[in-house]
Number of protein chains: 2
Amino acid sequence: MSTSSDQSNSDAQDSVPKAVVSRLSLYLRELQHLIRDGRDTTSSTQLGSMLGLTDAQVRKDLAYFGQFGYPGVGYRCAELVSEIKKILGTDQRWHVLLVGVGNLGRALLGYKGFGQQGFRIVAAFDTDRSKSGKEFEGVRVYHLDDLARVVAEQNIRLAMMAVPSEAAQPVVDRLVSAGIQGIMNFVPVTISVPDGVRKVGVDLAIELEQLSYAVVKSGEKV
Amino acid sequence: MSTSSDQSNSDAQDSVPKAVVSRLSLYLRELQHLIRDGRDTTSSTQLGSMLGLTDAQVRKDLAYFGQFGYPGVGYRCAELVSEIKKILGTDQRWHVLLVGVGNLGRALLGYKGFGQQGFRIVAAFDTDRSKSGKEFEGVRVYHLDDLARVVAEQNIRLAMMAVPSEAAQPVVDRLVSAGIQGIMNFVPVTISVPDGVRKVGVDLAIELEQLSYAVVKSGEKV
DNA sequence: TAGATTGTTAATCGATTAACAATC
DNA sequence: TAGATTGTTAATCGATTAACAATC
């Protein structure tokens, strides 16, 4: 479900299932916790049990990308962290922009977790001219009309979008033509992007709905 | 024609795949857009193409829960919306609390999308006593020590958590013993909950990592 | 060496797609 | 009736788990 027009072959030789990549991020997170706790090595069994997965699945997932473990020993945490970062592309630093400096947008600007994983929000955009030139959380706000210029100047490849629903698709079109390669969409709307541009959607209400379903269902069972 | 509990196994817990339930939320979202656009009916083909899914998958997904369509006609949008809401449990209103009135927490308090889907944040909690008694976005902030009392008084079943990493598991334990049945976790940490309590995790940095992976990979392919 | 744990192949399980009779 | 579209069964495809030789 990563691209809009999946009927063609935009993800052509995907070969790595999407679920595997998202578990990779979870492994990374747990490994970083293990390192913080002073652990040098771990095993597929340990990693799996931290996340509720089988050991076989952990090994199989990693095997998509190479051989990172040592038979009889396990995985060296620091080494595996750096391998996973290489795979995810977070061994490099990414410049990210934000469109929509509202409620949610400002929270994203202040969110510490991005920087820790290699993402830096370097510019924000809004159509409200009264915000232009201001800074929030140390990030300069530009008018949306300056998008293409700033993207080029600051070498920005990823965008986060937190705008009103009606604005979503028009903003996406502008992001795409400014050369943005990936969009993280917080607007509860299905956006469409051309082949070659990636998107990820985060719909907070949908997550709550999933929770509601799970709670109701587990209630019925009793 | 459609309804409820026929045989012993009808909408029993023949474990509907998680992926199906999350697509259900997407169908709901698209249906609500269609209704806003004045459409009365739709089809599995239309719904599918809006989301990049096959028509067969749409029909199969819905078939887990009943017969909601009309051969030769399609689905009546309003009717299907109400059926899906019933399934997800959002035909009723849910009282939700928030723990952690920081950056992200305050944005969640102000997020309009929850209310539109039947969720109402009725109380917020923090350990910072200087916040106690204040209101943010019209929501009263309590000290965490008042958790159990307020949960009981206001009949709260769901919680959102946006606290520092170290606080996450202790807060979870308090939520559980206060009787909370589902937790939406914004802290980038794996929390553990007892059987009978549900959780959903939203890790913003992980979503960006998925995007980064997709962008890097599609770059390599060319 | 004995014990631990990997990477990988084969077996199992589950989810998606295709096809079509039934229906409006 | 002819055309459209459902619900569902069967066929295909993909992902997870089990098992084990290879390795340290």
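The chains referred to below are lettered A, B, ... by the order of the sequence lines, with proteins before strands, and numbering in each begins at 1.
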Can you tell me the distance, in whole Å, between the CG atom of A:Asp61 and the P atom of D:dA15? 11 Å
With a 4.0 Å cut-off on N to O distance, would you call A:Lys86 and A:Asp91 a salt bridge? no
Identify the two heavy atoms, one from B:Tyr27 and one from B:Val58, that lie closest to each other, and give their separation to 0.1 Å. OH-CA, 3.5 Å
Once you round it to whole Å, what is the distance between C1' of D:dA4 and CG of B:Leu47? 16 Å
Separation of A:Leu53 atom CG from D:dA15 atom P, in whole Å? 15 Å
Is DNA chain D part of any stem, that is, at least 3 consecutive Watson-Crick or G-U pairs with both distances under 3.5 Å, and where? C:3-24 with D:3-24
Could you check if a side-chain atom of A:Pro194 sits within less than 4.5 angstrom of a side-chain atom of A:Val197, using non-hydrogen atoms only? yes
Nearest heavy atoms of B:Pro188 and A:His33, plus distance in Å: O-NE2, 3.5 Å
Between B:Ser22 and A:Gln210, do the side chains contain an N or O donor and an N or O acceptor separated by less than 3.5 Å? no
Will you find, in the side chains of A:Thr90 and A:Gln117, an N or O donor that is under 3.5 Å from an N or O acceptor? no
Between the protein and nucleotides 6-8 of chain D, which nitrogen or oxygen pairs come in under 3.5 angstrom?
{"from": "D:dT6", "atom 1": "OP1", "to": "B:Ser44", "atom 2": "N", "distance (Å)": "2.7"}
{"from": "D:dT6", "atom 1": "OP2", "to": "B:Ser44", "atom 2": "OG", "distance (Å)": "2.6"}
{"from": "D:dG7", "atom 1": "OP1", "to": "B:Phe68", "atom 2": "N", "distance (Å)": "3.0"}
{"from": "D:dG7", "atom 1": "OP1", "to": "B:Gly69", "atom 2": "N", "distance (Å)": "2.7"}
{"from": "D:dG7", "atom 1": "OP2", "to": "B:Tyr75", "atom 2": "OH", "distance (Å)": "2.7"}
{"from": "D:dG7", "atom 1": "O3'", "to": "B:Gln67", "atom 2": "OE1", "distance (Å)": "3.1"}
{"from": "D:dG7", "atom 1": "N7", "to": "B:Arg59", "atom 2": "NE", "distance (Å)": "2.9"}
{"from": "D:dG7", "atom 1": "O6", "to": "B:Arg59", "atom 2": "NE", "distance (Å)": "3.4"}
{"from": "D:dG7", "atom 1": "O6", "to": "B:Arg59", "atom 2": "NH2", "distance (Å)": "3.0"}
{"from": "D:dT8", "atom 1": "OP1", "to": "B:Gln67", "atom 2": "OE1", "distance (Å)": "3.1"}

Quick one: list whatever passes side chain to side chain donor-acceptor pair (under 3.5 Å) with B:Gln181, sequence neighbours left out. B:Arg157
Residue-phosphate contact under 4.0 Å: B:Thr54 side-chain N/O, C:dT17 OP1/OP2: yes
Among side-chain atoms of A:Arg29 and B:Thr190, is any donor-acceptor pair under 3.5 angstrom? yes
Using whole Å, what does the distance between atom P of nucleotide D:dA4 and atom CD of B:Gln46 come to? 15 Å
May I ask you to verify if any side-chain N or O of A:Arg23 is less than 4.0 angstrom from the OP1 or OP2 atom of D:dT16? yes
